[in-house]
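Here is the structure we will look at, set down as structure tokens.
If you're wondering where the values come from, they're calculated on a predicted model, not measured in any experiment.
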Amino acid sequence: MAEGQGSKHFVLVHSAGHGEWYWFKVKPLLESAGHKVTTLQLAPSITSWAGVDSINTVHTLSQYSQPLLNLLENLEEKVVLVGHSAGGLSLALAMEKFPDKILVAVFIAAFMPDTSHKPSHVIDEYMKVPMEWKDSYSMSNKGNTTWLFFSDEFLRTRLYQLCSAEDFALVSTLKRPASFFQEDLVKMDPFSAEKYGSVDRVYIVCKEDLAITEDFQHLMINNFGVKEVKVIEHSGHMPMLAKPKELVSHLLDIVTTY
């Protein structure tokens, strides 16, 4: 159908170490169903692996999420806000600042803070989970911010294990430094029930996820609660690449309800 009556505006937020490029299979599918789609490149916009500009200029979740916050501030219509993995932290920040501009927030195997703890709590709990791959990336401290640098081996075996060789070739050339901004999040107050907590939330669980495991995804869901849970089988951590049709089917189903 053509964009118009019944169409929604999807805003797609990428995860740490990645960029807006990885929605390239999802965006045209949503648009062909008649919806408007905006993908965002969160700060910094550079794609260099060395990331010198990144670690020198971006120190907080708010700075990192500024492109999303700027977009929502200037929009008049409400949006369907979709975030993947660490992009869930940017979603939470946007939901706190602009709850009235979001129809529904969709967390795809994403970090989902609650309203009882500081935003850093969800990352602190995640770091307690025993995972053999935690030594497969390097770390660098710049000021008060910790940056992660994902190796090709980590990406291939833990994030992209169910993706095509072409998808992996893209990320191996477009990967960027990543941060969870824990040092910033621990200074923040909990997100509020009145703002962040008032936005309808849907969680899409990714099975066979070796990064944010299915068990941890359910731990976050049980901790905070959502309106609805959907599941994608055999997708690993990257459903927008490994299972784009299944992901879009869930997104289209969600917008018929919210």
Side-chain angles (χ1 to χ4, degrees), residues 13-18 22 26 61 81-93 95 104-137 139 146 148 150-151 153-163 167-168 171 178-182 185-186 190-191 196-197 199-244 246-247 249-251 253-254:
V13 180
H14 65 77
S15 66
H18 289 73
Y22 76 14
V26 169
L61 178 65
L81 192 58
V82 180
H84 170 238
S85 192
L89 299 172
S90 296
L91 252 65
L93 185 63
M95 293 158 69
V104 59
V106 183
F107 291 76
I108 306 171
F111 291 125
M112 185 173 65
D114 59 29
T115 56
S116 301
H117 303 86
K118 289 179 177 292
S120 58
H121 177 74
V122 67
I123 303 298
D124 294 338
E125 292 301 302
Y126 176 68
M127 291 301 178
K128 294 177 184 178
V129 178
M131 293 181 186
E132 61 185 24
W133 53 262
K134 284 186 177 178
D135 60 354
S136 63
Y137 54 75
M139 301 175 63
T146 300
L148 310 176
F150 299 144
S151 68
E153 183 63 18
F154 166 76
L155 291 167
R156 180 186 295 108
T157 61
R158 297 296 166 177
L159 269 64
Y160 284 72
Q161 81 276 13
L162 297 179
C163 296
D167 294 336
F168 177 73
V171 72
S179 181
F180 297 148
F181 301 103
Q182 286 170 277
L185 297 181
V186 75
F191 293 119
Y196 167 63
V199 180
D200 286 338
R201 301 178 302 280
V202 175
Y203 204 101
I204 299 181
V205 171
C206 295
K207 300 179 79 71
E208 290 80 46
D209 192 329
L210 301 180
I212 301 178
T213 65
E214 181 183 5
D215 285 347
F216 193 78
Q217 292 174 58
H218 282 292
L219 185 151
M220 291 185 287
I221 293 166
N222 293 335
N223 176 55
F224 191 38
V226 296
K227 290 286 187 178
E228 190 174 359
V229 177
K230 294 183 176 294
V231 177
I232 301 179
E233 305 278 351
H234 310 299
S235 72
H237 191 60
M238 307 300 296
M240 68 293 298
L241 297 173
K243 295 286 183 177
E246 289 84 347
L247 175 57
S249 178
H250 282 321
L251 293 176
D253 183 56
I254 289 167

Is the side chain of [X] donor-acceptor paired with the backbone N or O of [Y] at a distance under 3.5 Å, no angle test?
X: H234; Y: K207; answer: no
X: S179; Y: T146; answer: yes
X: H18; Y: A16; answer: yes

In Å, rounded to the nearest 0.5 Å, how long is the span from [atom1] of [X] to [atom2] of [Y]?
X: L219; Y: I212; atom1: CG; atom2: CD1; answer: 12.0 Å
X: R158; Y: M238; atom1: CZ; atom2: CE; answer: 15.5 Å
X: I123; Y: K128; atom1: CD1; atom2: NZ; answer: 12.5 Å
X: I232; Y: K243; atom1: CD1; atom2: NZ; answer: 9.5 Å
X: M112; Y: I221; atom1: CE; atom2: CD1; answer: 6.0 Å
X: L162; Y: L210; atom1: CG; atom2: CG; answer: 7.5 Å

Would a 4.5 Å heavy-atom cut-off, applied to side chains only, mark [X] and [Y] as touching?
X: L81; Y: V199; result: no
X: Y126; Y: M220; result: no
X: S15; Y: Y22; result: yes
X: I108; Y: P239; result: yes
X: L89; Y: F181; result: no

Which residues pass the salt bridge (Lys or Arg N to Asp or Glu O under 4.0 Å) test with [X], sequence neighbours left out?
X: K118; result: none
X: E208; result: none
X: D253; result: K230
X: E233; result: none

Contacts of [X] that satisfy side-chain hydrogen bond (donor to acceptor under 3.5 Å, both in side chains) - sequence neighbours left out:
X: H237; answer: S85, D209
X: S235; answer: none
X: H117; answer: D114
X: K227; answer: none

Residues in ring-ring contact (aromatic ring centres under 6.0 Å, His included) with [X], at least two apart?
X: F224; value: Y196
X: F180; value: F111
X: Y203; value: none

* Structure fact -> Applying side chain to side chain contact (heavy atoms under 4.5 Å, CB included) to S90 and not counting sequence neighbours gives V13, L42, L61, Y64, S65, L68

Do you know the tightest heavy-atom contact between [X] and [Y]?
X: A242; Y: P244; answer: C-CD, 3.5 Å
X: A109; Y: C206; answer: CB-SG, 3.8 Å
X: V122; Y: F216; answer: O-CZ, 3.6 Å
X: V202; Y: V104; answer: CG2-CG2, 3.9 Å

